[in-house]
Number of protein chains: 2
Amino acid sequence: MYGFNTVSLDQKGRLAIPAKYRSCLIDANETKIIITKDPQYPSLKVYPESQWHEISSKLESLQGLDPIVRNLQWTILGNASVIEFDPNSRMLVLIPLELRKYADISDQKQISLIGMGNKFEIWNVNNWEMRQTGGSLSTEILDVVLPESIKSMSF
Amino acid sequence: MYGFNTVSLDQKGRLAIPAKYRSCLIDANETKIIITKDPQYPSLKVYPESQWHEISSKLESLQGLDPIVRNLQWTILGNASVIEFDPNSRMLVLIPLELRKYADISDQKQISLIGMGNKFEIWNVNNWEMRQTGGSLSTEILDVVLPESIKSMSF
DNA sequence: AAGTGAGTTGGTCTATAAGCCGGATTCTGT
DNA sequence: ACAGAATCCGGCTTATAGACCAACTCACTT
């Protein structure tokens, strides 16, 4: 799952996974994807199930009453939407309104998909453009000094 | 058990566990859940029995005269409410008034449920909204420097 | 230029949650 | 101890949101 795509959301907020990504998922025998918030930027991340399993178990094992850790857990785990799909279908997935609002795509028709190998990201077209050209985004969510324990982790 | 839900309490303070969570509990052969206070924030935590067993035994084994530890034990263990449910029903559970007051949902119709994998949390909708957007909550309970012994634990 | 595959849209149907209601059990007061 | 009342618990009905299905259009390929 690599590369850039511009696709459209329909009026119901549904996204059809592009064929390129779809075939990757099928080849890897994935049957579920998980959509959740990106803790740093106003965007969404989409993981195949196996990948999600890694992420979430790492995150859940981060114990502690540290507010930053709890924030990460809330953001990523607490907003995860698990979606099971039929490999034969078009993989039409409904992105929950809460997540659409977060990524600022609730009233957008066009959105950007960015393939990152084992996951892909969903961006507001304008925000992605700004990020590419070094402009400032409408919001940057997590802007704190991370504890060493999680600095080296990827989500 | 992942993701965000807004559900309603009925006039008597009862909560119907959402189907998403319900199926997870059934799959894991759980028949009891434990509701208790979150020591840090005005919210409640709901554990399936097996998970609770881990948490509570860790917490009970913490010996010492440290006031913070005793506080944690009082808050978490002392407020735990064990609820047995029928896997065939809607899993309607009555949240004790004391706990409803604590989470500031005693006169609320809508509440937020946040799935955290092996547990989920119950929040006042407004408090959750504030937390998400970085605003301040009506109360933050435990805001102290934690001893090393419990810093690494999660409840 | 036609056919195939992908993207998009709309409609329908089912599963789930919310509200209502009645029965049962417990607690209290006499 | 018994009766009344209040609280707790399960079932039933209705409305709605989400999942499924099918068709249409556009673009690309041969």
Side-chain angles (χ1 to χ4, degrees), chain A residues 1-27 31-36 44 46 49 79-101 105-115 120 122 125, chain B residues 1-27 31-33 35 46 81-101 105-115 120 122 125:
Chain A
M1 285 192 294
Y2 291 107
F4 176 79
N5 280 290
T6 301
V7 297
S8 65
L9 288 184
D10 64 22
Q11 292 157 343
K12 296 177 183 174
R14 289 179 298 179
L15 157 70
I17 309 287
K20 285 185 204 170
Y21 297 171
R22 218 185 299 163
S23 54
C24 288
L25 293 170
I26 293 173
D27 290 348
T31 60
K32 289 179 192 170
I33 56 175
I34 288 85
I35 305 184
T36 192
L44 307 177
V46 182
E49 190 186 19
N79 286 289
S81 176
V82 180
I83 297 166
E84 195 161 2
F85 58 76
D86 172 8
N88 302 324
S89 78
R90 289 285 152 80
M91 298 190 188
L92 227 64
V93 298
L94 178 71
I95 304 175
L97 181 59
E98 169 74 17
L99 296 184
R100 270 181 282 149
K101 282 191 202 155
I105 54 171
S106 51
D107 52 0
Q108 299 290 315
K109 224 177 85 63
Q110 297 292 101
I111 62 173
S112 295
L113 299 188
I114 297 94
F120 67 90
I122 299 175
V125 175
Chain B
M1 284 192 295
Y2 293 108
F4 175 80
N5 278 291
T6 300
V7 297
S8 64
L9 293 181
D10 65 17
Q11 302 132 344
K12 295 160 187 170
R14 287 181 299 178
L15 156 71
I17 309 286
K20 283 186 208 167
Y21 298 172
R22 219 184 300 161
S23 55
C24 289
L25 293 170
I26 293 173
D27 290 349
T31 60
K32 289 179 192 169
I33 56 177
I35 305 184
V46 182
S81 174
V82 180
I83 295 167
E84 195 159 355
F85 58 76
D86 173 8
N88 301 324
S89 77
R90 280 202 291 155
M91 298 191 187
L92 231 65
V93 299
L94 179 69
I95 304 173
L97 182 59
E98 167 72 16
L99 297 184
R100 268 181 282 151
K101 282 190 199 158
I105 55 171
S106 50
D107 53 359
Q108 298 290 315
K109 222 174 78 66
Q110 298 288 101
I111 61 172
S112 295
L113 300 187
I114 297 94
F120 68 89
I122 298 175
V125 176

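All values below come from the heavy atoms of this structure, side chains included, with hydrogens, waters and symmetry mates left out. In what follows, chains carry the letters A, B, and so on, assigned in the order in which the sequence lines appear, proteins first and then strands, with residues in each chain numbered from 1.
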Worksheet item: Think A:Q11 has a side-chain N or O under 4.0 angstrom from the OP1 or OP2 of C:dG10?
Response: yes
Item to complete: Would you mind telling me which residue lines up with the more 5' stretch of DNA chain C, B:A19 or A:I17, judged by nearest nucleotide?
Response: A:I17
Worksheet item: For A:K20 and C:dG5, what is the distance between atoms NZ and C1' respectively, to the nearest whole Å?
Response: 15 Å
Practice prompt. Applying side chain to side chain contact (heavy atoms under 4.5 Å, CB included), name anything that partners A:E98, two or more places apart in sequence or on another chain.
Written response: A:K37, A:N79, B:F4, B:Q132
Worksheet item: Atom CE of A:M91 to atom C1' of C:dT8: distance rounded to whole Å?
Response: 17 Å
For nucleotides 13-23 of chain D, give me every protein contact, N/O to N/O, under 3.5 Å, one pair per line with atom names.
unit_1	atom_1	unit_2	atom_2	d
D:dC20	N4	A:R14	NH1	3.1

Response to the item:
With A:L15 as partner, the option from A:I35, A:I105, A:V93 fulfilling side chain to side chain contact (heavy atoms under 4.5 Å, CB included) is A:V93
Discussion item. Regarding B:A16, tell me which of base, sugar-phosphate or nothing describes its non-hydrogen contacts under 4.0 Å with the strands shown.
Written reply: nothing
Practice prompt. Indicate, with a heavy-atom threshold strictly under 4.0 Å, whether A:S8 touches base, sugar-phosphate, or nothing.
Written response: sugar-phosphate
Worksheet, complete the sentence: Rounded to whole Å, CG of B:D10 lies from P of C:dC20 at a distance of 10 Å
Worksheet item: What residues form a side chain to side chain contact (heavy atoms under 4.5 Å, CB included) with B:K32, not counting sequence neighbours?
Response: B:E49, B:V82, B:E84
Response to the item:
Here the distance between atom P of C:dA18 and atom NZ of B:K109, to the nearest Å, is 8 Å
Worksheet item: Distance-only, no hydrogens or angles: does the B:D10 side chain make a donor-acceptor pair with backbone N or O of B:K12 under 3.5 Å?
Response: yes
Discussion item. For a side-chain contact (heavy atoms from CB on, under 4.5 Å) check, start with the C-alpha distance between A:C24 and A:I26, then their side-chain angles and the critical distance, and finish with the verdict.
Written reply: CA-CA 5 Å; A:C24 288; A:I26 293 173; over 6 Å; no
Worksheet item: OP1 or OP2 of C:dT16 less than 4.0 angstrom from a side-chain nitrogen or oxygen of B:R22, does that happen here?
Response: no
Discussion item. In this structure, how many angstroms lie between the P atom of C:dG7 and the OH atom of A:Y21, rounded?
Written reply: 11 Å
Practice prompt. Heavy atoms only: give me the nearest A:A80-A:T36 pair and the separation to one decimal.
Written response: N-OG1, 3.6 Å
Worksheet item: Taking all atoms of both residues into account, what is the closest heavy-atom pair of B:N5 and B:Y21, and its distance?
Response: ND2-OH, 3.4 Å
Discussion item. Tell me the interatomic distance from B:N5, atom CG, to C:dT16, atom P, rounded to whole angstroms.
Written reply: 13 Å
